[in-house]
Amino acid sequence: MAIATSLVAMNIMLAVHEKKTNSLDLYRPLRHYISATFSERDAQNCDDDLLSVQEMRSELEKTVAESSLDSRRDLLLSYYKSLSLIEPRFTISFSFTWYDAFKSSKKCNVASIHVEKAAILFNLGAIYSQIALAADRTTANGLKAACNAFQTAAGAFAYLKENVAGKATAAGATVDLSPECAGMLERLMLAQAQECFFEKVIGDGKPPGLCSKVARQVGLYYEEAFALLSAPPLSQHFDKTWVAHVQLKAAQFYGEALYRHSLELHEKEEIAEEIARLKIGLAALADTKKISKGVAAQLLDSVSKLEASMKSNLERATKENDRVYLMRVPPADKLSSLPGASLVKPSSMVELLDASKERMFSGLVPDGSMKALSKYTEMVDEIIRTQAEKLQQASEITRVRLKEMDLPDSILSLEGSTTLPLDLKEDVEAVQISGGPAGLESELQQLRELRRVNQELLVQTEEMLQKEATEDTQFRTQFGTRWTRPQSSTLTKNLQDRLNKFAANIKQAADSDARIERAVGDNAPLMSILDRRPIEAALPSIARPMMSLDGNEDAIVGALKQSLRQLEALGAQRAGLEDMLKDMKRKDDILPKLMAGVGSHDDLFKKEISKYDQICEEIAQNIEAQEQLLMQIQAQNDQFASVFNLEDHKVAREKCYKQISAAIAKYREIKDNINEGLKFYVTLQDAINNIKQQCSDFVMTRNIQCREMIEEVQRQIAGFNFSDSKPASTYNKYPTQAPAPTPSPPNLHRTSPSPPPQVEPQSTSVPSLPSQPAPPPYHLSTGPNPNPNYNTNPNPNYNPNPNYNPNSNYNPNPRPGYSQPYYPPYSTAPQTPYQQPYHPPTGPYQQPQNPINRDYGQPAYPGWRGPYYNSHQHQQQQTYPPPPYEMQQNFPPPNQGSYYRPQ
């Protein structure tokens, strides 16, 4: 791998090794070409030049270790200039062989001088990178030398990309000479040059804000290099350690920029953004370190130190925010991008590679013609540069002067075509898309409907339990001591507590809803401006004067508009003149005339340069006309401002901007509170449905027990008690001689269980048995009995639990095939609706065989059809919402509290 590393100061940097080549004889084929094309005498005259070229080519075939870096650089520059002189004079018929710098197994062998020039430019950039790496960056001079060398290396690779790489690739060069690779190396060298500046600003103790900008630009250059490395044709060409190094460097300096920026934020006491920036930087470093295998240990140590510093600052900032500032940390997507400050650029290679002053092979092409061409080119460049600067300066003057006069905005305002600032307009559009203030009432109605649904569900559940308790009390009064099962109030205490908590939650949430509604009403006049469509209609426009002495307002406005149209036409003319200048330069080629040698060079130059006189005159006239027109517009605008009172309009416009901004802020605050309330009620509804199902199961089980007990009491009254070891008042087991008739299956789809029949206490006859629903499939003969004197199992061999406690976890419905009991929903195990969510039982059996209608008579909420509400499907596993927090009586200020969460 062609990588060289050096640990200087705090950072690891890279340098590129040169491409390798094979020996090549240039002397004989070039001399033969001169002799055959020109003459033997010309060939003899060029012998020294040919030998010089051959000597330079032979020196290049040696490794860089055999010569100093400076002499190697000079050799490459001289040889490239020679190639520039050879290219227009010779036709190359022999092949150049070069090996890929990053994959030495690949090579190209083509007869193209473009490949030779591209390889020399590549090696020139590589040598400059090695010179930069060899500099002692611990000293000021060494740091400056390294930075300059990296910029020159970037210039060499940029020149390769823009001028030679495309032709070399077309001729069959290796990947390292492609425009993509040259562009990647240019970005890498710029990154390392910028990194030198970062070391300097850190060493000089510059402010954290400046250090952050410099570091961010380093990261941006590394990110651009990494993007090129990750795309074809480079994605499979470079070693993974190279890619990992560049990627880790990009993450390191992104984190460094965030770290320095956080120091500046801490000084400004902007703790919330400081915490957000530090978290982003730590996440970026952590993600990159996971995939950065094979990088230098020194680089990993540097990244780890940075990570440790960021963690320390994050802990400090978090503690300060929790204890003192109490600011809300903004999400990452709400933060603006960190700005970068580029202090480097690729060095221009035009002067270094200029071969116009070289006299090699001057006998083959007239030297005077080459110099004359260069002189003429400089004259043309000077004309183009001067005229382009004049045009750009004129356009800038126009822009500044019009802005000072508030034109053409004031004219548009008079015509009712005013516009908002872009950022404010985008915020208004976002509010209007979400429904705007007019849509808040429908959302408030959703809050009311959801609250009503929750209240009705809660009332239905409480009535269900109350009905069962009333029936139990009636039978207990009717049968006296024979009614031995536990009282309902004992078993439903935990359910009642949870229902009471839900009722308190709803009451507290209703108070929050009322505060939201008051906020909507109180701020309706402020937010009404957001419902204006288009929003520009809310902006003040320039009004015509109520009284006019001469009635010339229309004339004033018309003259001003006409002048603005003329000014716009002058600007369009300048753009056309600039394009014309560039097109003339592109087509201006006098080389054939120079080579023809007709007349003197000065006469030729004078004639050719005169082509630009007309366009230069047009540019001067355009600039002069613009200056006169701007003076005229200034006078007309002063008159316009006086007649239409523009100062008052500006004040009113700014006031309107502030009103719109305040309305947007208040709308967002109320919108967030409503959304939080909707979420609260939806989650609470799921929780109430959950406990309603538990109560329904409890009531159904109690009804089944009630019927069985009525049957047993009837037997006792009729004198059919088969127990020999217990008194008649003790209920141990079902009678074996007279089993109960087979009950009919229960109706599992009823909205509430049917109450058991009443038995008249005065009657001495046996009451008739009601139609008895069969116990559900999960009602088996195992599990503890809730009452030692009451056995729900008709099996006479069943042994009840004599240690039963009514407040224990009663289990009338154990699951078949499981040794652990399934505790019913009215278990007295401690659980609150917001501390421990209810989890339905798992296992082979969770629901009755016949699907139970979960509707319980509750109609679906007509105005709310979200994924959270399904009146016909059983909610498998619910999570209780957090209870609404105790709210202060006053309406909470913006961004300092939540309606449905703790303060």
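All values below come from the heavy atoms of this structure, side chains included, with hydrogens, waters and symmetry mates left out. Computed from a predicted structure; not experimentally measured.
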Enquirer: Measure across G166 and P179 and return the closest heavy-atom pair with its distance rounded to 0.1 Å.
Expert: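 Heavy-atom minimum between the residues: N-CG, 4.1 Å.
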Enquirer: Test: side-chain hydrogen bond (donor to acceptor under 3.5 Å, both in side chains). Region: residues 189-198. Which pairs qualify, not counting sequence neighbours?
Expert: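 Sorted result for residues 189-198: N11-E195, E195-Y222, E195-K249.
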Enquirer: Are R385 and E389 close enough for a salt bridge, meaning some N to O gap below 4.0 Å?
Expert: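 Judged by the 4.0 Å cut-off on N to carboxylate O distance, R385 and E389 do not form a salt bridge.
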Enquirer: Answer yes or no: is there a donor N or O on one side and an acceptor on the other, between the side chain of S78 and the main chain of L75, under 3.5 Å?
Expert: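 A pair under 3.5 Å: no.
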Enquirer: Listed by chain and number, what are the side-chain hydrogen bond (donor to acceptor under 3.5 Å, both in side chains) partners of K587, not counting sequence neighbours?
Expert: D583
Enquirer: Which residue pairs pass the salt bridge (charged side-chain N to carboxylate O under 4.0 Å, His left out) test with at least one member in residues 165-180, sequence neighbours excluded?
Expert: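 As it turns out, the salt bridge (charged side-chain N to carboxylate O under 4.0 Å, His left out) pairs with a partner in residues 165-180, which skip direct neighbours, are K19-D176.
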Enquirer: Between side-chain atoms of residues 334-353 and protein atoms elsewhere (two or more places apart, or another chain), which donor-acceptor pairs fall under 3.5 Å?
Expert:
unit_1 : atom_1 : unit_2 : atom_2 : d
S342   : OG     : Y221   : OH     : 2.7
S342   : OG     : V344   : O      : 3.1

Enquirer: Checking Q54 against S58: is there a side-chain donor and acceptor pair closer than 3.5 Å?
Expert: yes
Enquirer: Report the C-alpha separation of E55 and Y27 in whole Å, then their side-chain angles, then the decisive distance to 0.1 Å, and conclude whether the side-chain hydrogen bond (donor to acceptor under 3.5 Å, both in side chains) test is met.
Expert: CA-CA 9 Å; E55 181 180 0; Y27 177 82; over 6 Å; no
Enquirer: side-chain contact (heavy atoms from CB on, under 4.5 Å) with R260: which of L210, V214, I202?
Expert: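 Output: one option passes, namely I202.
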Enquirer: Do any N or O atoms from the side chain of S129 and from the backbone of A15 form a donor-acceptor pair under 3.5 angstrom?
Expert: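 Between the backbone of A15 and the side chain of S129 there is no qualifying donor-acceptor contact (under 3.5 Å).
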Enquirer: Any side-chain donor paired with an acceptor under 3.5 Å for Q252 and S302?
Expert: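 A pair is found: one side chain offers a donor N or O, the other an acceptor, under 3.5 Å apart.
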Enquirer: Applying side-chain hydrogen bond (donor to acceptor under 3.5 Å, both in side chains), name anything that partners D381, two or more places apart in sequence or on another chain.
Expert: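 K585.
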Enquirer: How would you list, by chain and number, every residue that makes a side-chain hydrogen bond (donor to acceptor under 3.5 Å, both in side chains) with K425, sequence neighbours excluded?
Expert: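 Result, side-chain hydrogen bond (donor to acceptor under 3.5 Å, both in side chains) vs K425: E536.
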Enquirer: Is N321 reaching over with its side chain to a backbone N or O of A317, donor-acceptor style, under 3.5 angstrom?
Expert: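 No.
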Enquirer: Only one of K107, E116, K20 passes side-chain contact (heavy atoms from CB on, under 4.5 Å) with W98; say which it is.
Expert: E116
Enquirer: Enumerate the residue pairs fulfilling side-chain hydrogen bond (donor to acceptor under 3.5 Å, both in side chains) with a member in residues 153-162, sequence neighbours excluded, ordered by first and then second residue.
Expert: K161-E186
Enquirer: Report the residues that fulfil side-chain hydrogen bond (donor to acceptor under 3.5 Å, both in side chains) with E61, sequence neighbours left out, ordered by chain and then residue number.
Expert: S23, R57
Enquirer: What pairs with S95 under side-chain contact (heavy atoms from CB on, under 4.5 Å), at least two apart in sequence or on another chain?
Expert: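 Expected list: N109, A111.
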Enquirer: Restricting to ring pair (Phe, Tyr, Trp, His ring centres under 6.0 Å), what partner residues turn up for Y33, sequence neighbours left out?
Expert: F90
Enquirer: Counting N and O atoms only, with roles assigned by atom type, does the side chain of S52 sit under 3.5 Å from a partner on the main chain of D49, one being a donor and the other an acceptor?
Expert: no
Enquirer: Using a strict 4.0 Å threshold on nitrogen-to-oxygen distance, state whether D579 and K582 make a salt bridge.
Expert: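 No, D579 and K582 are not salt-bridged.
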Enquirer: Write out all pairs satisfying salt bridge (charged side-chain N to carboxylate O under 4.0 Å, His left out) with one or both partners inside residues 223-232, taking only residues at least two apart or from two chains.
Expert: R187-E224, R216-E223
Enquirer: Answer with yes or no whether the side chains of S68 and D70 bring together a donor and an acceptor at under 3.5 Å.
Expert: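 D70 vs S68: no donor-acceptor pair found between side chains.
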Enquirer: Using atom types as modelled, flag every donor-acceptor pair under 3.5 Å from a side chain in residues 305-316 to any protein atom, sequence neighbours excluded.
Expert:
unit_1 : atom_1 : unit_2 : atom_2 : d
E307   : OE1    : K289   : NZ     : 3.0
S309   : OG     : K305   : O      : 3.2
R316   : NH2    : E274   : OE2    : 3.4

